[in-house]
Amino acid sequence: MSSPFHFPSLVWDEIIAIYLFLLGISAGATMLAVLLKRSGNAGINPAENNVIRCAAIIAPVTIILGLVILIFHLTKPWTFWYLMFNYHHTSIMSMGVMLFQIYMAFLLLWLAFIFKALIAQLIARFVPKLTFVNTLITKLERFSSPVEIILIFLAVLLGAYTGFLLSALISYPMLNNPVLPALFLASGTSSGIAALMLATVLFTKEGTHSAALNFVHKFELPVVLIEAFLLFAFCIGLYLGGGQKTVAIYNAVGTGFWAYVFWIGLVGIGLVLPTLLNAVASNAMKHRKGFVILVTTLSLIGVLCLRFWALYAGQMTLA
C-alpha cells in the first residue's frame, strides 16, 4: 500500500536523506571554520578557539557517520571497500567517494596544522616512536594557506555534490534539475553554521558576544536569503517547465504529506521563523543562549526537512 514513505516509484529512502544532511553539515562547518581562521577572529592560537574546536569534531564525525550509515544500508556492506579503490568517472557515487577521500585528507591535514601542539603531546605520551610525524607536520605547515584554499573549494564541491547525487536520478523530473546542487550547497552551509553555533553554545563556555561567534553569525542571514531564493527558483523552474515537471512540483507542494513538510517544516520552521525571530528580536535577545539554541535548532530542522522533501517528493513523479 502506498504511503508518504513507501510508494512504487521509490528508489532511495530515508537513509540517503540523513546521509545528505550529514554531508551538508560537514561541508558547511568546514567552510566556516576555515574562513574564521583566515579572518583572524579565531585569535592568536586557533587551537584554543571554541568554534574551531567544535568544527574539528563536527566536520569529520558527521561525514564519517554519514558514510558508515550508508555502507551498512547497502545490500552487501562488506564489499563497499571495492568502491573505495575502483573509480569510475561515469559513476556519480564513485566520484563522490573520491571527493570524500580527498576532502578528508585535506581536512585532517588542516586540523593537524591547527592542533600540532596537542598531537605532539599525545605522541610523546602514548607513541614516542611516531615523533617523526611532528617533523612532517612542521614541514608541511608552510603550505597551510594553499591547503586552506583547496579545503574551502573541496567543501564547496562536497556541499554541491549532495545535490548532484540526486540529480543523477534522471527518471525523476523534479530531481533532474540544475538548481538542486546550488540549493543543497546553500542549505548545507546553513546547517553547518547552525551546527557550529549550537555546539559552541551548548558544549563550551564561549560567550555569545565573542568575535568568533559574531563572525559565524554574520553569514547566517545572507545564506538563508540565498537558500530561499534558490528554493523559489527551483520551484518556479519546475512549474514553468510544463509536462511532468509541473506535475512533479504540484505533487510536491500542492497536496499530500510532503506538501505539509514543505510549507510547515521547510518554509515555515526552517526559513520564515528563524528570519522573523532575528528581525524582531532586540540585540540583547539575540545574544542570549536560549535564543541562539532556538534559532539554530529551527534552521537544522528546516534543512533536514529539505533533504527529506526533495528525496521523497522528488521520487513521486516519473518522467
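- Listed here is the closest heavy atom pair of A120 and N134: CA-OD1, 3.4 Å.
- Distance CD1/I25 to OG1/T30: 11.5 Å, rounded to 0.5 Å.
- Counting only distance, with no hydrogens or angles, the side chain of Y260 and the backbone of T255 share no donor-acceptor pair below 3.5 Å.
- Here CG of L266 is found 11.5 Å from CD1 of I264. Values are rounded to the nearest 0.5 Å.
- Within the 4.5 Å cutoff, the side chain of F234 has heavy atoms near those of the M174 side chain.
- Looking at heavy atoms from C-beta onward, I69 lies in side-chain contact with L22 at the 4.5 angstrom threshold.
- Separating the CH2 atom in W309 from the CG atom in L304 is a distance of 14.5 Å, to the nearest 0.5 Å.
- Listed here is the closest heavy atom pair of M285 and F291: O-CB, 3.2 Å.
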(request) Check the pair H217, E220 against side-chain contact (heavy atoms from CB on, under 4.5 Å), reporting the backbone distance first and the verdict last. (result) CA-CA 5 Å; H217 177 68; E220 192 173 13; 2.7 Å; yes

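- Once rounded to the nearest 0.5 Å, the distance linking CD1 of I102 with CG of L157 reads 9.5 Å.
- For the residue pair W12 and Q315, no side-chain donor N or O sits within less than 3.5 Å of a side-chain acceptor on the partner.
- A distance of 10.0 Å separates CE of M31 from CZ of F219, quoted to the nearest 0.5 Å.
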(request) Take E148 and L35 through the test side-chain contact (heavy atoms from CB on, under 4.5 Å) and record every step on the way to the result. (result) CA-CA 9 Å; E148 289 173 351; L35 290 173; over 6 Å; no

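- Proximity of W110 to K37: side-chain heavy atoms (C-beta onward) are separated by under 4.5 Å at one or more points.
- Counted within 6.0 Å of CZ on F5, heavy atoms from surrounding residues, nucleotides or ligands total more than 12; the atom is thus considered enclosed.
- Residue F215 places its CZ atom among more than 12 non-hydrogen atoms of other residues, nucleotides or ligands, all under 6.0 Å distant.
- Here the closest heavy-atom approach between residue A248 and residue T317 is recorded as CA-OG1, 3.5 Å.
- Using a 4.5 Å cut-off on side-chain heavy atoms (C-beta onward), L70 and I16 make contact.
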(message) R53 vs N49, test: side-chain contact (heavy atoms from CB on, under 4.5 Å). Steps then yes/no.
(response) CA-CA 6 Å; R53 287 178 174 179; N49 183 271; over 6 Å; no

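- By the 4.5 Å heavy-atom criterion applied to side chains, E141 and I114 are not counted as neighbours.
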Would you mind writing out the side-chain donor-acceptor pairs for residues 186-207 within the sub-3.5 Å range, not counting sequence neighbours?
residue: S187; atom: OG; partner: L183; partner atom: O; Å: 3.3
residue: S187; atom: OG; partner: F184; partner atom: O; Å: 3.1
residue: S187; atom: OG; partner: R307; partner atom: NH1; Å: 2.5
residue: S187; atom: OG; partner: R307; partner atom: NH2; Å: 3.4
residue: T189; atom: OG1; partner: L185; partner atom: O; Å: 2.8
residue: S191; atom: OG; partner: G188; partner atom: O; Å: 2.7
residue: T200; atom: OG1; partner: L196; partner atom: O; Å: 2.7
residue: T204; atom: OG1; partner: T200; partner atom: O; Å: 2.4
residue: T204; atom: OG1; partner: E206; partner atom: N; Å: 3.2
residue: E206; atom: OE1; partner: N50; partner atom: ND2; Å: 2.8
residue: E206; atom: OE2; partner: S210; partner atom: OG; Å: 2.8

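- Under a cut-off of 6.0 angstrom, the local environment of CD1 in I170 is sparse, with at most 12 non-hydrogen atoms contributed by other residues, nucleotides or ligands.
- G163 and L180 make their closest contact through O-CD2, 3.8 Å (heavy atoms, listed as atom of the first residue, atom of the second, distance).
- Once rounded to the nearest 0.5 Å, the distance linking CE of M316 with CG of L311 reads 11.0 Å.
- With a 4.5 Å cut-off on side-chain heavy atoms, L294 and L298 count as touching.
- A heavy-atom distance below 4.5 Å is not found between the side chains of T62 and L23.
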(message) Set out, in order, the CA-CA distance, both residues' side-chain angles and the distance that settles side-chain contact (heavy atoms from CB on, under 4.5 Å) for L300 and F21, then state yes or no.
(response) CA-CA 9 Å; L300 287 171; F21 176 66; 4.2 Å; yes

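- Across all their heavy atoms, I123 and T131 have their closest contact at CG2-N, 3.8 Å.
- In this model, a donor atom of one side chain and an acceptor atom of the other lie less than 3.5 Å apart for Y103 and S26.
- Between the side chain of Y312 and the main chain of H6, no donor-acceptor pair closer than 3.5 Å is present.
- Contact check for P4 versus W258: side-chain heavy atoms found under the 4.5 Å cut-off.
- Residues K286 and V292 share a closest heavy-atom pair of O-CG2, 3.6 Å.
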